[in-house]
Peer 1: 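This is the structure, below, for whatever I ask next.
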Amino acid sequence: MTTGGFLLLILPAIAGLMAWKMARSWRARASERHWLPQELQHAQLAFAEKTFRTWQPIRLIARADRGYRLNGELHLAEFKTRTRAVAYSSDVIELSAQRLVIEKSTGERVSEIGYVLAQDLSGKRRSVHKVRLLPRADVIALARRREAILKGRIVPRYTSSQGLCSHCAYRAECRPGQRDCG
Amino acid sequence: MAAKTRDKKTMVSASELAQMGACERLVLFEARYGKRMSRCQQEAIERGRTEHDKFFKDGVRSQSDVQTSLSKPWCFCASLAWGPEAPETDLLRRFRDRILRRTAAGRGLIRVYYRTAPGLCRRLEGRRKLIRALCLGLKPALWIAKAALAIQEQKERA
């Protein structure tokens, strides 16, 4: 085969591969734009699945799903797959803890508004929930309360979620039926 | 590695803290009896991991220079051919950061390269003859990078 013939074969193949890869990249960007809230449409994706650590005021580690930079401020987004399209208080705590760690470890300002992206089990429907994050003092207080619970200094509270309780693997030890007995 | 293990033991993670919002008793029982999960919880976690992975890949596909702590879904042919710290690899890295990243077309090229390289590297790994062929194939890229960087440096000096 001549060099010309070889190039005629290989160049369209490379062009085709590049076009396919670019189409995949555009699709990914279109998918991003589809779920991103209006206010983050022009934000730059700063990090994805990035781990941050801080030792002060508490020893805390967090892996943030997404961080978007807009006007010198970071905006956090947390991805969840669940049957119900809602944001729970645990999501708010997780994002608030991430905010504290990121601010302490990078010195960057993180918005007090976070986003929970809830995807249904089929993977077809996504909904974004805007949440107001907890103040830093509340995150620190919660971490201290957790520590106190683990050391046995505080009696832990029962959950208010019936669904969580009914599927829990510790029902035998927890005995939720006795919660109202005093 | 030892530091990582120590960190894991002494640090509380954001997701562990988030459990306090779900059920405080669960936090205590997990610490006391070890992590225990029902079958449907295990399935949900597995499903969540798969979807999380897809979500992560979508993110890095949409913006290739995103920071992440996970191993990036790409590798570099140059690292495979000459090693990650070799001057040739460093030259191509500088070419990527100083020349290609400055233009939209260059960024597009980086993205295409990042998508194509991992599969190629996985296939070449351990095959010495093919890696030698890769070195030869990358030579023109090296010449172009060297010339482009030299021009760039001249412009910057002027």
Side-chain angles (χ1 to χ4, degrees), chain A residues 17-18 21-22 24-25 27-29 31-32 44-51 53 55 58-66 79-82 88-95 97-98 101 117 119 121 123 139 142-143 145-147 149-150 156-159 161 164-165 167-170 173-174, chain B residues 7-8 10-33 35-45 47-70 72 108-109 111-116:
Chain A
L17 184 71
M18 283 176 76
K21 295 288 182 187
M22 281 167 91
R24 210 167 65 156
S25 167
R27 257 206 314 272
R29 255 177 288 163
S31 147
E32 287 288 293
Q44 187 205 11
L45 177 61
F47 52 79
E49 296 287 346
K50 188 161 168 59
T51 307
R53 288 176 180 82
W55 286 264
I58 44 171
R59 296 168 74 88
L60 200 55
I61 183 168
R63 181 179 281 177
D65 283 352
R66 292 280 175 92
F79 176 79
K80 297 285 174 194
T81 38
R82 52 179 57 140
Y88 293 113
S89 58
S90 56
D91 302 328
V92 177
I93 295 171
E94 189 164 4
L95 281 166
Q98 288 175 9
V101 180
L117 172 63
Q119 181 178 287
L121 300 186
V139 178
L142 198 65
R145 180 174 171 81
R146 182 181 176 275
E147 206 181 314
I149 287 172
L150 293 179
R157 283 188 292 244
Y158 283 95
T159 180
S161 161
L164 186 70
C165 196
H167 289 104
C168 185
Y170 298 94
E173 292 85 359
C174 187
Chain B
D7 275 357
K8 266 190 178 176
T10 57
M11 287 187 143
V12 56
S13 73
S15 49
E16 282 169 340
L17 202 56
Q19 238 184 4
M20 290 283 288
C23 179
E24 289 186 354
R25 293 178 71 82
L26 182 65
V27 173
L28 178 68
F29 291 134
E30 278 199 358
R32 196 180 280 172
Y33 305 111
K35 225 175 175 71
R36 206 187 285 168
M37 272 179 287
S38 62
R39 181 180 279 270
C40 72
Q41 283 171 326
Q42 277 174 349
E43 282 170 4
I45 285 175
R47 204 168 36 232
R49 267 193 202 133
T50 312
E51 292 304 319
H52 233 98
D53 192 44
K54 280 186 199 163
F55 184 62
F56 168 66
K57 281 180 180 159
D58 267 357
V60 289
R61 271 182 196 135
S62 69
Q63 200 165 315
S64 57
D65 55 354
V66 66
Q67 290 179 45
T68 173
S69 301
L70 295 186
K72 289 181 179 174
L109 197 68
R111 272 195 290 274
V112 172
Y113 173 67
Y114 282 162
R115 307 297 171 268
T116 328

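All values below were derived from every heavy atom in this structure, side-chain atoms included, with hydrogens, water molecules and symmetry-related copies excluded.
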Peer 1: Going by heavy atoms in the side chains, are B:E16 and A:R146 under 4.5 Å from each other?
Peer 2: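 B:E16 vs A:R146: side chains touch.
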
Peer 1: Do you know which of B:A31, B:C23, B:A18 has the most heavy-atom pairs under 4.5 Å to chain A?
Peer 2: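 When all of B:A31, B:C23, B:A18 are compared, B:A18 has the most.
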
Peer 1: To the nearest 0.5 Å, what is the distance between OG on B:S13 and CZ on A:R59?
Peer 2: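 If I round to the nearest 0.5 Å, the distance is 13.5 Å.
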
Peer 1: Quick one: does B:H52's side chain get under 4.5 Å of A:D65's, heavy atoms only?
Peer 2: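 The answer is yes; the side chains approach within 4.5 Å.
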
Peer 1: State, to 0.1 Å, how close B:A22 and A:T159 come at their nearest heavy-atom pair, and which atoms those are.
Peer 2: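 Distance-wise, the nearest heavy atoms are O-OG1, 2.8 Å.
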
Peer 1: Any chance you could measure B:E24, atom CD, to A:I149, atom CD1, to the nearest 0.5 Å?
Peer 2: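 Output value for this atom pair is 4.0 Å.
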
Peer 1: Where do A:L60 and B:M11 come nearest, in terms of heavy atoms and distance?
Peer 2: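 A:L60 and B:M11 have their closest heavy atoms at O-CE, 3.9 Å.
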
Peer 1: With a 4.5 angstrom heavy-atom cut-off, which part of A:L142 approaches chain B: side chain, backbone, both or neither?
Peer 2: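 Both backbone and side chain of A:L142 come within 4.5 Å of chain B.
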
Peer 1: Does any backbone or side-chain atom of A:L117 lie under 4.5 Å from a heavy atom of chain B? Answer side chain, backbone, both or neither.
Peer 2: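 For A:L117, the contact with chain B is made by the side chain alone.
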
Peer 1: Does any heavy atom of chain B fall under 4.5 Å from the side chain of A:V139, the backbone, both, or neither of them?
Peer 2: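 Both backbone and side chain.
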
Peer 1: State the CD-CD distance between A:E94 and B:Q19, to the nearest 0.5 angstrom.
Peer 2: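 If we round to the nearest 0.5 Å, A:E94:CD and B:Q19:CD are 10.5 Å apart.
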
Peer 1: When only pairs under 4.5 Å are counted, which of A:E147, A:R145, A:H167 shares the most heavy-atom pairs with chain B?
Peer 2: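 The option with the most such pairs is A:R145.
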
Peer 1: Between A:Q119 and chain B, with a heavy-atom cut-off of 4.5 Å, which part of the residue counts as in contact: side chain, backbone, both or neither?
Peer 2: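 Interface part for A:Q119: side chain.
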
Peer 1: For B:L17 and A:A97, work out which heavy atoms get closest and say how close.
Peer 2: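 Heavy atoms of B:L17 and A:A97 come nearest at CD2-CB, 4.1 Å.
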
Peer 1: Tell me, for A:F79 versus chain B, whether the close heavy atoms (under 4.5 Å) come from the side chain, the backbone, both or neither.
Peer 2: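 Contact with chain B: backbone and side chain both.
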
Peer 1: With a 4.5 angstrom heavy-atom cut-off, could you sort out which part of A:S90 is near chain B: side chain, backbone, both or neither?
Peer 2: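 Both parts, backbone and side chain.
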
Peer 1: Tell me if a side-chain donor or acceptor on A:Y170 pairs with a main-chain N or O of B:R36 at a distance below 3.5 Å.
Peer 2: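 Yes, the answer is positive, given that a donor and an acceptor are paired below the 3.5 Å cut-off.
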
Peer 1: For residues B:F29 and A:C174, report the shortest heavy-atom separation together with the two atoms involved.
Peer 2: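 Reported closest heavy-atom pair: CE1-CB, 3.4 Å.
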
Peer 1: If only atom types and distance count, is the side chain of A:R66 paired as donor or acceptor with the main-chain N or O of B:F55 below 3.5 Å?
Peer 2: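 Present.
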
Peer 1: Does the side chain of B:V27 reach to within under 4.5 Å of the side chain of A:P156, using non-hydrogen atoms?
Peer 2: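 No - every pair of side-chain heavy atoms lies 4.5 Å or more apart.
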
